[in-house]
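Shown next, in structure tokens, is the structure this report addresses.
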There are 2 protein chains.
Amino acid sequence: MTNAMETGMNIGQAAKASGLPAKTIRYYEDIGLIAPKRDSNGYRSFREGEIHRLAFLNRARGLGFSIEDCRALLGLYDDASRASEDVRRLAAEHLDRIDARIAELQEMRATVAGLVDSCAGDGRPDCPILDDLATGPLSRHATRSRR
Amino acid sequence: MTNAMETGMNIGQAAKASGLPAKTIRYYEDIGLIAPKRDSNGYRSFREGEIHRLAFLNRARGLGFSIEDCRALLGLYDDASRASEDVRRLAAEHLDRIDARIAELQEMRATVAGLVDSCAGDGRPDCPILDDLATGPLSRHATRSRR
DNA sequence: CCTTGACCTTCCACTAACTGGAAGCGTCAT
DNA sequence: ATGACGCTTCCAGTTAGTGGAAGGTCAAGG
């Protein structure tokens, strides 16, 4: 049997229960993602609902959703009359961003791997990596798509 | 034959020639990556060497090297007695970081793609995405490797 | 009662790599 | 000389926290 009068966890307990560092929890309160009650001594008091929200945030952030995405997701989570379409769209857009980022990184990877391969990596100064950086194509601001 | 008295480009020309925005060039000077001379009117004056360095930076940044990596790479570039080993190691470490990041993103991608697939995305409120976020495993601070 | 140590509080500063904008000269063509 | 640019500096904001200082609170032990 648990106590009838649930007092709520303090931030250290909430951190353990949610998996988030206490600092991060305070930060999330600062930016309005959560709003725990305070005890008479000024300590934050987290109960089931808040812990849940924190775990939700931990998971969403772990999947790479931005803080603003998380804010929107929590809003939808709280809204019983939401349309799952809205949630799905948010996630699908995030998926697209992940895919774009992966593609970008894979392109970098290919180039950098080529450079590493081309370099002897010995004590001599000759280095195709530096040669390439010095004379290779201008990539970033010249060719990368604007958004 | 080019002019015997090279005057040097001003920042706008240097931006065009290097592919970097003027703002970024000023920033690179601030943090000590370049040190262009000044004309009598206070304008920066870039010549071949500086333009080259800027293009080098543009390319290295485009390959994802950090500013500090770039500083080190430029240092090696300037050092005729460098060992290509040092350059190669820098690049190889960067490659490892890229690979780690790609792996991380691919894991996110798989999970997010699964969530998107599972959601009807219609007008009804039922949403497996929110359900998963609310109850799924705590990923980030719970399981991710510390460094 | 007092102290010690582990919590908790707030607030300020710092991170990476820029980007935007304001205020104020310089330059050039009309 | 007037307007349109281009250049200068400096300040602020971006993302998502993290680190640390200064100080209040609480439970246990002496």
Side-chain angles (χ1 to χ4, degrees), chain A residues 7-34 36-46 50 54 57-74 94 97 101 104 139-141 144 146-147, chain B residues 7-46 50 54 57-74 94 97 101 104 108 139-141 144 146-147:
Chain A
T7 315
M9 297 173 171
N10 62 20
I11 203 169
Q13 294 299 313
K16 239 153 234 164
S18 68
L20 288 170
K23 276 255 164 181
T24 299
I25 297 175
R26 291 195 193 96
Y27 172 68
Y28 286 171
E29 183 184 11
D30 267 8
I31 63 174
L33 291 180
I34 50 166
K37 298 277 178 296
R38 299 297 182 117
D39 282 345
S40 52
N41 58 8
Y43 287 18
R44 291 169 183 81
S45 181
F46 299 84
E50 268 91 20
L54 290 173
L57 286 166
N58 189 11
R59 176 122 171 104
R61 291 287 301 126
L63 293 177
F65 285 98
S66 72
I67 289 288
E68 287 318 307
D69 282 347
C70 288
R71 196 186 298 279
L73 286 169
L74 277 178
H94 178 47
R97 283 192 297 270
R101 184 77 182 120
E104 202 176 9
S139 50
R140 290 202 321 145
H141 295 276
R144 212 159 87 192
R146 312 242 157 252
R147 50 182 170 101
Chain B
T7 314
M9 297 173 172
N10 62 19
I11 202 169
Q13 294 299 313
K16 239 153 234 163
S18 69
L20 287 171
K23 274 254 163 182
T24 300
I25 296 176
R26 290 194 194 96
Y27 173 66
Y28 286 171
E29 184 183 10
D30 267 8
I31 63 174
L33 291 181
I34 51 167
K37 298 276 176 298
R38 298 299 181 115
D39 283 344
S40 52
N41 58 7
Y43 287 17
R44 290 168 184 82
S45 180
F46 299 84
E50 267 91 19
L54 290 173
L57 286 166
N58 188 12
R59 175 120 172 105
R61 290 288 301 126
L63 292 177
F65 285 98
S66 73
I67 289 288
E68 287 318 307
D69 282 348
C70 289
R71 196 187 298 280
L73 286 169
L74 278 178
H94 179 47
R97 284 192 296 270
R101 184 78 183 121
E104 202 177 9
M108 287 181 191
S139 50
R140 289 201 324 144
H141 295 276
R144 211 159 87 190
R146 308 245 159 250
R147 49 180 174 103

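Only heavy atoms go into these numbers, but all of them, side chains included; no hydrogens, no water, no symmetry mates. So you know, we letter chains A, B, ... as the sequences are listed, proteins then strands, and number each from 1. The structure presented is a predicted model; accordingly, all values stated were derived computationally and were not measured.
Using a 4.0 Å cutoff on non-hydrogen atoms, the parts of residues 36-46 of chain B near DNA chain D are Arg38(B), Gly42(B), Tyr43(B), Arg44(B), ordered by number.
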Donor-acceptor pairs are to be reported for all side-chain atoms of residues 10-22 of chain A against protein atoms at under 3.5 Å, with residues two or more places apart or in another chain.
unit_1   : atom_1 : unit_2   : atom_2 : d
Asn10(A) : OD1    : Gly12(A) : N      : 3.4
Asn10(A) : OD1    : Gln13(A) : N      : 3.2
Ser18(A) : OG     : Ala14(A) : O      : 2.8
Ser18(A) : OG     : Leu20(A) : N      : 3.2

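The phosphate of dT18(D) has OP1 or OP2 within less than 4.0 Å of a side-chain N or O from Thr24(A). In terms of phosphate contacts, Arg61(A) brings a side-chain nitrogen or oxygen within less than 4.0 Å of OP1 or OP2 of dG17(D). Checking the phosphate oxygens (OP1, OP2) of dG17(D), a side-chain nitrogen or oxygen of Tyr28(A) falls inside 4.0 Å.
Where Ile11(B) and Tyr27(A) meet DNA chain D, the nucleotide closest to each residue was compared, and Ile11(B) sits on the side nearer the 5' end.
With sequence neighbours left out, Arg97(B) forms a side chain to side chain donor-acceptor pair (under 3.5 Å) with Asp69(B). With sequence neighbours left out, the ring-ring contact (aromatic ring centres under 6.0 Å, His included) criterion links Tyr43(B) to no other residue. The salt bridge (charged side-chain N to carboxylate O under 4.0 Å, His left out) check on Arg26(B) picks up nothing, with sequence neighbours excluded.
When rounded to the nearest whole Å, the span between CG of Asp30(B) and C1' of dC11(D) equals 13 Å. Atom CD1 in Ile31(B) sits roughly 14 Å away from atom C1' in dT15(C) (whole-Å rounding).
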Chi angles and distances behind the side chain to side chain contact (heavy atoms under 4.5 Å, CB included) call for Tyr28(B), Ile67(B): CA-CA 9 Å; Tyr28(B) 286 171; Ile67(B) 289 288; 3.6 Å; yes
What are the atom names and distances for every N/O pair under 3.5 Å that joins the protein to nucleotides 2-4 of chain C?
none

Tabulate atom names and distances for all N/O pairs under 3.5 angstrom spanning the protein and nucleotides 20-22 of chain D.
unit_1  : atom_1 : unit_2   : atom_2 : d
dG20(D) : N7     : Lys23(A) : NZ     : 3.4
dG20(D) : O6     : Lys23(A) : NZ     : 2.3

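Taking five base pairs at each end of the helix from dC1(C)-dG30(D) to dT30(C)-dA1(D) and finding the rotation axis that steps the C1' atoms of four pairs onto the next four gives two axes whose angle is 30°, to the nearest 10°.
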